Number of protein chains: 2
Amino acid sequence: MALEHAILVSLLEKPGSGYELARRFERSIGYFWTATHQQIYRVLRRMETDGWVDVREVPQADRPDKKEYSVAEPGRAALSSWLHEPIELESVRHDLAVKIRGAAFDDPAALIREVERHHQAHTERLTRYLAGELRDFTGPDAPTAPVPPDAGRELQHVVLRGGIAYERMTLAWLDDVLATLRRLASER
Amino acid sequence: MALEHAILVSLLEKPGSGYELARRFERSIGYFWTATHQQIYRVLRRMETDGWVDVREVPQADRPDKKEYSVAEPGRAALSSWLHEPIELESVRHDLAVKIRGAAFDDPAALIREVERHHQAHTERLTRYLAGELRDFTGPDAPTAPVPPDAGRELQHVVLRGGIAYERMTLAWLDDVLATLRRLASER
DNA sequence: CTTGTCTATGCAACGAGTTGCATAGAAGGA
DNA sequence: TCCTTCTATGCAACTCGTTGCATAGACAAG
């Protein structure tokens, strides 16, 4: 299980509330990990009782008060020891691929719309990632590379490049899928 | 939830026992879905009580007897209706990316070995996929394209191409990660 | 002034997935 | 003979993840 570790990393990058974490998981962290606010709140409470994180009540004027979490020393140690143990290869769960193979026993043409929908969603994700890259890393307004270079930014960037590569690969594959489905549809 | 549907697809392609399904999930189906034998047996029993699959006791001489499952009409109908409803975008859980961003708060150089290990594992997967493609689809011994073309084979092939594209993209990204980690390690 | 939206947190129930263990027939090697 | 390996199936306990629902303050629109 690594949700705890993903939260630790996010809190080390910047302390925040459960709500804020949930939003980060929808955005920047979203391209390699997903979690709902329920999960996050539950895990945060467990981490708090384990002493991995500190809490600070932050009163806010124009919106409900929040609890700001930050990483405590035991949390940092837990992350460090996790970083030093080997992990499993990521495992894939790709519903769409199940559908594509299943289409052989149904109507392949009926899948075209669905695949187009996924294509569009991935296009939007790619656009979002590229905008983020321009803003934070390669654009004119991006913080210039400091000397000594910032390892954190470099590593965030290489992970983002992974997200971008994944989306590009997926889009190319979906084009291949669409071409195959259309060929099969026209051949009957 | 789609494990049921993945099992239905696999049983439509070829009936088999729970044990055989578990092995298929380690191999060809493995590049878009994973499942342990526990999960498979449990779901098979549920599908049997729901009437989605038929069972046939197959006595075997040189090994324990087995139960061969095949898809019944209600199962086929359930698959068909699932194929016609939209599904969520696949969600990613990439532990390695968490580690990479976490390395900023630890020692980036210590990650190099781990990333190399992943690189090697993905190389092996790619080799396996390519061998499978050669054997089943593009090699000289592969069944020649029949007329009319076999939609099932075409769709299996396009899914396999997706697996191959994923592995190639991942390997290229891991090279990028390694270059970044090595640069950071040498710069201190 | 009610309705809706955004921030912010949480409970309860359920279903999915993992881990550890157990059984058992058949085969082959030490 | 005992040990291991492969085939084949399964139980029990636990953790993780999802879904539905609930509360509540602040603000804006109708």
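So you know, we letter chains A, B, ... as the sequences are listed, proteins then strands, and number each from 1. Not measured: the values here are computed from a predicted model.
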Worksheet item: Does some side-chain heavy atom of B:M169 sit less than 4.5 Å from a side-chain heavy atom of A:R168?
Response: no

Practice prompt. Take A:V43 and B:K66, find for each the nucleotide of DNA chain D with the closest heavy atom, and name the residue whose nucleotide sits nearer the 5' end.
Written response: B:K66

Practice prompt. Send over the distance from A:R46 CZ to D:dT15 P, rounded to a whole Å.
Written response: 9 Å

Item to complete: Look at B:R23 and D:dC6 and indicate whether a side-chain polar atom (N or O) is within less than 4.0 Å of OP1 or OP2.
Response: no

Item to complete: Have a look at A:A22 and say if it touches a base, only the backbone sugar-phosphate, or nothing, with a 4.0 Å heavy-atom cut-off.
Response: nothing

Discussion item. Would you say CD of A:E88 has more than 12 non-hydrogen atoms from neighbouring residues, nucleotides or ligands within 6.0 angstrom?
Written reply: no

Worksheet item: Taking for each residue the nucleotide of DNA chain D with the nearest heavy atom, is it B:R63 or B:R93 whose nucleotide lies nearer the 5' end?
Response: B:R63

Worksheet entry | Distance, rounded to the nearest Å, where A:E26 contributes CD and C:dT7 contributes P | 10 Å

Item to complete: Respond yes when some side-chain nitrogen or oxygen of B:K67 is under 4.0 Å from OP1 or OP2 of D:dG10, and no when none is.
Response: yes

Worksheet entry | Residues A:R183, B:E154: salt bridge by 4.0 Å N-O rule | yes

Practice prompt. Let me know the distance between CZ of A:F25 and P of D:dG17, rounded to the nearest Å.
Written response: 11 Å

Fill in: Which nucleotide in D:dG17, C:dT9, C:dG17 has an atom nearest any side-chain atom of A:R42
D:dG17

Worksheet item: Rounded to whole angstroms, how far apart are CD on A:E20 and P on C:dT7?
Response: 10 Å

Discussion item. Given the ring of A:W33, does B:R93 sit roughly above its face, with NZ or CZ under 6.0 Å from the centre of the six-membered ring and within 45° of the axis?
Written reply: yes

Practice prompt. Indicate, with a heavy-atom threshold strictly under 4.0 Å, whether A:Q60 touches base, sugar-phosphate, or nothing.
Written response: sugar-phosphate

Fill in: Candidates D:dT7, C:dG17, D:dG25 - which lies nearest the side chain of B:Y19
D:dT7

Response to the item:
Atom NE2 of A:H5 and atom C1' of D:dC16 are separated, to the nearest Å, by 14 Å

Fill in: Nearest-nucleotide pick for A:D62, side chain only, options being C:dG20, C:dT7, D:dC27
D:dC27

Discussion item. Categorize A:R45 for me: base, sugar-phosphate, or nothing, with a 4.0 angstrom heavy-atom threshold over every strand shown.
Written reply: sugar-phosphate

Worksheet entry | Short side-chain N/O contact from B:Q39 to OP1 or OP2 of C:dT18, under 4.0 Å | yes

Worksheet entry | Heavy-atom donor-acceptor pair, B:Q38 side-chain to D:dG10 base, under 3.5 Å | yes

Worksheet item: Can you check the B:I40 CD1 to D:dT9 P distance for me, whole Å?
Response: 11 Å

Worksheet item: Is the shortest side-chain N/O distance from B:T36 to OP1 or OP2 of C:dG17 below 4.0 Å?
Response: no

Practice prompt. Return the orientation label for the B:H5 and B:W82 ring planes: parallel under 30°, perpendicular over 60°, tilted otherwise.
Written response: parallel

Worksheet entry | Carboxylate-amine/guanidinium contact B:E57 B:K66, below 4.0 Å | no

Practice prompt. Return the value, rounded to whole Å, for the distance between atom CD of B:E68 and atom P of D:dT7.
Written response: 17 Å

Discussion item. Between P on C:dT9 and CG on A:L44, what's the gap in Å once rounded to a whole number?
Written reply: 9 Å

Worksheet item: Looking at D:dG10, C:dA27, C:dA8, which one has an atom nearest to any side-chain atom of A:Y41?
Response: C:dA8

